Participant: 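Would you mind keeping the following structure in view while I ask a few things?
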There are 2 protein chains.
Amino acid sequence: MVLAMHVNEAPAPDLDAPRRSRGRPRKSADERDDGNRRQELLRVAAHLFRTQGFDATSTRDIAAAAGMRSGSPFYHFESKEALLAAVMLEGMERALQRQADAMAQAAADAQPQSLSARDCLRVLVRNHFDVLVGPESDFIPVMLYEWRSLSTSERSAVKALKDRYETVWVPVLDALHASGELSGDVRLARLLIFGALNWTAQWYRPNQRASLDALTDTALQLFLKDKA
Amino acid sequence: MVLAMHVNEAPAPDLDAPRRSRGRPRKSADERDDGNRRQELLRVAAHLFRTQGFDATSTRDIAAAAGMRSGSPFYHFESKEALLAAVMLEGMERALQRQADAMAQAAADAQPQSLSARDCLRVLVRNHFDVLVGPESDFIPVMLYEWRSLSTSERSAVKALKDRYETVWVPVLDALHASGELSGDVRLARLLIFGALNWTAQWYRPNQRASLDALTDTALQLFLKDKA
DNA sequence: CCTACCGATCGGTAGG
DNA sequence: CCTACCGATCGGTAGG
């Protein structure tokens with residue numbers, strides 16, 4: 001039998017003090033929003049999951065980073081796993097939106113000519129780098145590297161978004177294969193290309209040697225041949 | 001104050017029974033070796049770390065998989081982190097040995113001509129796939145994907161071996177760049193290439209569609225141009 | 001290498 | 001969203 005008498009948790013650091021010192025807290029635009037604390041939890045959870053890993057991050061870490069007490073994240077999320085799933089879904093939805101925007105913008109800029117397959121791939125690769133290692137890029141690396149920790153019941157929903165994201169690349173790569181600019185089995189080539197790109201989350205550090213534009217150039221040079 | 005009275009752990013499953021039923025345990029060649037249990041711990045730890053992740057694997061899981069009681073791994077390893085470091089070091093030493101053997105074998109087979117840079121890369125890539133996703137390939141994926149969990153004091157030793165492994169590739173890629181078979185910044189290209197290869201640990205399943213030979217062909221086709 | 005255990009921490013919850 | 005807490009599990013250890 002286990003008898004455990006727990007002392008009080010450490011007294012709360014006076015997190016609200018700076019706000020209180022300005023008098024009664026005004027409800028500013030983003031504090032009024034009900035979803036605000038939920039969004040903040042997603043943001044700090046994504047950051048901690050990315051930097052420390054899902055298992056190494058406690059729900060207490062997340063609560064503290066969001067300025068809450070230890071039990072409060074469970075008011076917004078059923079479980080730690082549900083929070084992980086929400087991070088991944090939020091990340092994929094943003095990535096899909098960004099990808100669609102980038103393609104639409106590039107198509108608009110190219111008018112009246114249409115984009116070449118090579119130009120399309122350049123846009124997709126450049127946007128992928130933004131999503132992976134650009135600003136506010138914690139969500140997608142969490143999805144890529146913490147997949148194992150996602151409960152099996154939530155995997156299909158995340159996978160559906162992932163498949164939609166990758167499907168956009170397929171006709172582009174097919175066209176490049178048809179023109180002789182991409183050699184070899186297209187399915188395997190696609191998996192290898194995603195690997196090369198996704199792995200940058202492991203080593204790329206912003207403001208270091210290579211810019212994301214330069215990295216995009218190198219990637220295209222590496223993967224593509226000159227048009228036959 | 002915490003008072004905790006723990007009941008006995010679950011009674012030991014009679015792990016030695018099959019061996020005992022043959023009478024007094026004979027010390028066979030590998031049971032006699034003092035390092036045998038240590039090697040077995042490394043093997044099962046590598047497998048569990050790979051499939052579940054370091055944080056999600058308890059030292060009790062490891063002990064059970066090796067047929068020991070919960071405290072016994074600490075007779076062989078100072079800490080769970082030391083066990084992780086040992087898995088990574090063992091994996092890198094084996095990978096270096098295999099890489100050297102593969103290059104020596106290829107050079108011997110090619111006599112009296114010397115190997116082309118392209119042939120060298122093929123040997124390196126093929127061997128890398130073996131190390132990553134071939135039989136007994138748990139060690140290197142653990143090194144690649146659990147780096148975060150490695151204590152900072154042990155990182156430099158693992159990194160030294162990793163650098164030695166990658167250094168072998170540098171002159172090969174330089175030669176391919178000089179001949180026009182590899183385009184773009186060589187350092188960035190090398191990082192992208194390792195990414196493409198290392199990511200296969202995420203999706204490749206043996207005995208499935210593509211063999212490692214076919215995957216090697218596709219990789220070379222993807223990365224290399226025809227000789228100018 | 002096993003037995004028996006410790007102190008710490010974790011995810012999660014009832015009630016307000 | 002906080003307070004106060006539970007039951008479980010974890011890494012690790014003393015002594016044999």
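Below, all heavy atoms of this structure are taken into account, side chains as well, without hydrogens, waters or symmetry copies. Note that the coordinates shown come from a computational prediction; the quantities given were computed from them, not determined experimentally. Below, chains carry the letters A, B, ... as their sequence lines are ordered, and counting in each starts from 1.
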Participant: If I take atom CG in residue A:Asp55 and atom C1' in nucleotide D:dT9, what distance separates them, rounded to the nearest angstrom?
Facilitator: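 Rounding to the nearest Å, CG of A:Asp55 and C1' of D:dT9 are 13 Å apart.
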Participant: When you measure from the side chain of A:Arg60, which nucleotide among C:dC10, D:dG12, D:dG11 comes out closest?
Facilitator: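 Among the listed nucleotides, the one closest to the side chain of A:Arg60 is C:dC10.
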Participant: When the distance from CG of A:Asp61 to C1' of C:dG11 is rounded to whole Å, what number comes out?
Facilitator: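 From A:Asp61 CG to C:dG11 C1': 12 Å.
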Participant: Are the charged groups of A:Glu93 and A:Lys162 less than 4.0 angstrom apart, N to O?
Facilitator: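 The answer is no: the pair does not qualify as a salt bridge.
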Participant: Would you list the pairs meeting ring-ring contact (aromatic ring centres under 6.0 Å, His included) in which at least one residue belongs to residues 120-152 of chain B, sequence neighbours left out?
Facilitator: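 Of all non-adjacent pairs touching residues 120-152 of chain B, those that pass ring-ring contact (aromatic ring centres under 6.0 Å, His included) are A:Trp199-B:Tyr145, B:His128-B:Tyr165, B:His128-B:Trp169, B:His128-B:Phe194.
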Participant: Picking from D:dG12, C:dG11, C:dT3, which would you name as closest to the side chain of B:Arg69?
Facilitator: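 Nearest to the side chain of B:Arg69 among the choices is C:dT3.
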Participant: What integer distance in Å separates A:Phe54:CZ from C:dG11:P?
Facilitator: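 From A:Phe54 CZ to C:dG11 P: 8 Å.
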Participant: With sequence neighbours excluded, tell me which residues meet side chain to side chain donor-acceptor pair (under 3.5 Å) with A:Asp217.
Facilitator: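 Listed in chain order: A:Arg122.
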Participant: Taking Watson-Crick and G-U wobble pairs with both distances under 3.5 Å, convert DNA chain C into its dot-bracket string, 5' to 3', dots for unpaired and | for cross-strand pairs.
Facilitator: ||||||||||||||||
Participant: Which residues pass the salt bridge (charged side-chain N to carboxylate O under 4.0 Å, His left out) test with B:Arg155, not counting sequence neighbours?
Facilitator: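 Counting only residues at least two positions away or on another chain, B:Arg155 forms no salt bridge (charged side-chain N to carboxylate O under 4.0 Å, His left out).
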Participant: Can you measure A:Leu83 atom CG to C:dG12 atom P for me and round it to whole angstrom units?
Facilitator: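 It is 10 Å, rounded to the nearest whole Å.
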Participant: Using modelled atom types and a 3.5 Å cut-off, is there a donor and acceptor pairing between side-chain atoms of B:Lys80 and backbone atoms of B:Thr57?
Facilitator: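 Side chain of B:Lys80 to backbone of B:Thr57, a donor-acceptor pair under 3.5 Å: yes, one is there.
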Participant: I need the CG-P distance between A:Leu84 and C:dC10, as an integer number of Å.
Facilitator: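 Nearest whole value for this atom pair: 17 Å.
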Participant: Give a yes/no answer on whether the side chain of B:Ser79 brings an N or O atom under 4.0 Å of OP1 or OP2 in D:dG11.
Facilitator: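 B:Ser79 to D:dG11 OP1/OP2: no side-chain N or O under 4.0 Å.
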Participant: Could you work out which one of C:dG11, D:dC2, D:dA4 sits closest to the side chain of A:Phe74?
Facilitator: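 Shortest atom-to-atom distance from the side chain points to C:dG11.
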Participant: To the nearest Å, give me how far apart CD (A:Glu78) and P (C:dA14) are.
Facilitator: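 Atom-to-atom, A:Glu78 to C:dA14, this comes out as 13 Å.
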Participant: Would you kindly compare A:Ala56 and A:Gly71 by the position of their nearest DNA chain C nucleotide and give the one closer to the 5′ end?
Facilitator: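 The residue mapped nearer the 5' terminus is A:Ala56.
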Participant: To the nearest angstrom, how far is A:Tyr75 atom OH from C:dG12 atom P?
Facilitator: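 Roughly 18 Å, once rounded to whole Å.
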Participant: With sequence neighbours left out, which residue pairs that include part of residues 134-145 of chain B fulfil the salt bridge (Lys or Arg N to Asp or Glu O under 4.0 Å) condition?
Facilitator: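 For residues 134-145 of chain B: B:Arg50-B:Asp138, B:Arg94-B:Glu136.
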Participant: Measuring from the side chain of B:Ser72 (C-beta onward, heavy atoms only), which nucleotide among D:dG11, C:dC2, C:dG12 has the closest atom?
Facilitator: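 Ranking D:dG11, C:dC2, C:dG12 by closest atom to the B:Ser72 side chain puts C:dC2 first.
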Participant: In chain order, what residues pass the side chain to side chain donor-acceptor pair (under 3.5 Å) check against B:Gln105, with sequence neighbours excluded?
Facilitator: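 Expected list: B:Asp109.
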Participant: Among C:dC10, C:dA4, C:dG12, which is the nearest nucleotide to the side chain of A:Ser58?
Facilitator: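 Of all the options, the side chain of A:Ser58 is nearest to C:dC10.
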Participant: How long is the line joining NZ of B:Lys80 and P of D:dT13, in whole Å?
Facilitator: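 Value for this atom pair: 15 Å.
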